[in-house]
Amino acid sequence: MSATTPVRRLTVTDVARMFADGERIAMLTAYDYPTARLLDEAGIPLILVGDSVGQVILGYESTVRVTLAEMLHHTKAVVRGSARALVVADMPFLSYATPDVALTNAGAFLREAGAQAVKIEGGVRSARVIETLVKAGIPVMGHIGLTPQAINAIGRVRVQGRTREAARALLGDALAVQEAGAFAIVLELVPEQLARAITERLRIPTIGIGAGPGCSGQVQVITDLLGFSDYSPRHARRYADLRATILAAVGAYAADVAAGTFPGPEQTVRMDDEVLADVLGRSALDRAGEAGSGAGDAPAGIPLDRDL
Ligand code: KIV
């Protein structure tokens, strides 16, 4: 691509082409403008505004608490920060409970927030909703395996599909999502062999998280990747230790402030000393209190040098 080629936003057709070409797809979450800019600059093709924002940015104990308004707010920031990546917005808990509700809310993600696609949790149980959105022209990414919005029903975060029945059910979920028209499907916390078997049986890409290397692509939560906290899920690999970097930077700043060495000359602006002398009534004329010295312009209540 030449330096003058205008940047074009990727579409689900590009994702299908990447999949057809056997290109492994890297997706990452982002929740804000500066991170989206960096991911875009790094060439990440798919950015997910995950409802994981609730836990890793907003401090909720689960994604169940995340509201539609919060997701729209974060999606808008990510869309503003990216020019090339396809932005997928996670539809929050209960925002797609029926096809009608889903249509209204998914429409808001595309029309109001500027996303190019939405993500919906659930397999067979969400197929009708996915079909409705796809028919309306809204690209949908499915999400099966561990579906965190169902945490109150599941009980705890754990690998899904380990037993014969559960694995069969997951296979059925994957097919239902594909047949409903989804352009891709997230497989979360699924045993490697099952994720691979599902991937081999689908015509759409699978994007794994904790599902092994056999998926068509991978997704990670950006704060796990960058090492924002001292907790890291087993499926995540830390590519940076921003927790240590930030702690060191913040500590150094606080020490500089305490020592009076921040701000230094480079961070400081100066004005003409003569102007200041005039402002503060330091000129000879001012000291004599002569009329026309300009001292009469001084705002009331602010003492000049001669009054101190
Ligand atoms: O919300 C999120 O970050 C997600 C990913 C874990 C796939 O849904």
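First listed ligand is number 1; within each ligand, the first listed atom is number 1. Since this is a predicted model, take the numbers as computed values, not measurements.
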Carboxylate-amine/guanidinium proximity below 4.0 Å for Arg84 and Asp40: no
Give the atoms of ligand 1, by number and element, whose distance to some non-hydrogen atom of His143 is under 4.0 Å. 8 (O)
Within ligand 1, which atoms have a heavy atom of Ile209 less than 4.0 Å away? 6 (C)
Lys119 near ligand 1 by a heavy-atom separation under 4.0 Å: yes
Should you measure from each heavy atom of Asp90, which atoms of ligand 1 turn up under 4.0 Å away? 1 (O), 2 (C), 8 (O)
Would you be so kind as to tabulate the donor-acceptor pairs closer than 3.5 Å made by side chains of residues 13-22, with sequence neighbours excluded?
residue : atom : partner : partner atom : Å
Asp14   : OD1  : Arg8    : NH2          : 3.0
Asp14   : OD2  : Arg8    : NH1          : 3.1
Asp14   : OD2  : Arg8    : NH2          : 3.4
Asp14   : OD2  : Thr11   : N            : 2.8
Asp14   : OD2  : Thr11   : OG1          : 3.3

Please list, in number order, the atoms of ligand 1 under 4.0 Å from a heavy atom of Thr29. 3 (O)
For Gly50, the atoms of ligand 1 under 4.0 Å from one of its heavy atoms are 1 (O), 2 (C), 3 (O)
Is Arg128 atom CZ crowded by more than 12 heavy atoms from other residues, nucleotides or ligands, each under 6.0 Å away? no
Atom of Thr147, atom of Ile154 and distance for their closest heavy-atom approach: O-CD1, 3.7 Å
Which residue and atom name correspond to the protein heavy atom nearest atom 5 (C) of ligand 1, and how close is it? Leu48 CD2, 3.8 Å
Between Glu41 and Arg37, is there a salt bridge with N-O shorter than 4.0 Å? no
Side chain, backbone, both or neither: which part of Ile207 comes within less than 4.0 Å of ligand 1 when only heavy atoms are counted? neither
Indicate yes or no: does Lys135 engage Glu131 in a salt bridge with an N to O separation below 4.0 Å. yes
Output a table of donor-acceptor pairs, distance under 3.5 Å, between side-chain atoms of residues 161-183 and any protein atom two or more places apart or on a different chain; print 'none' if there are none.
residue : atom : partner : partner atom : Å
Thr163  : OG1  : Ala166  : N            : 3.1
Asp173  : OD1  : Val124  : N            : 2.8
Gln178  : OE1  : Arg203  : N            : 2.5

Are any of the N/O atoms on Ser52, whether in the backbone or the side chain, positioned under 3.5 angstrom from an N/O atom of ligand 1? yes
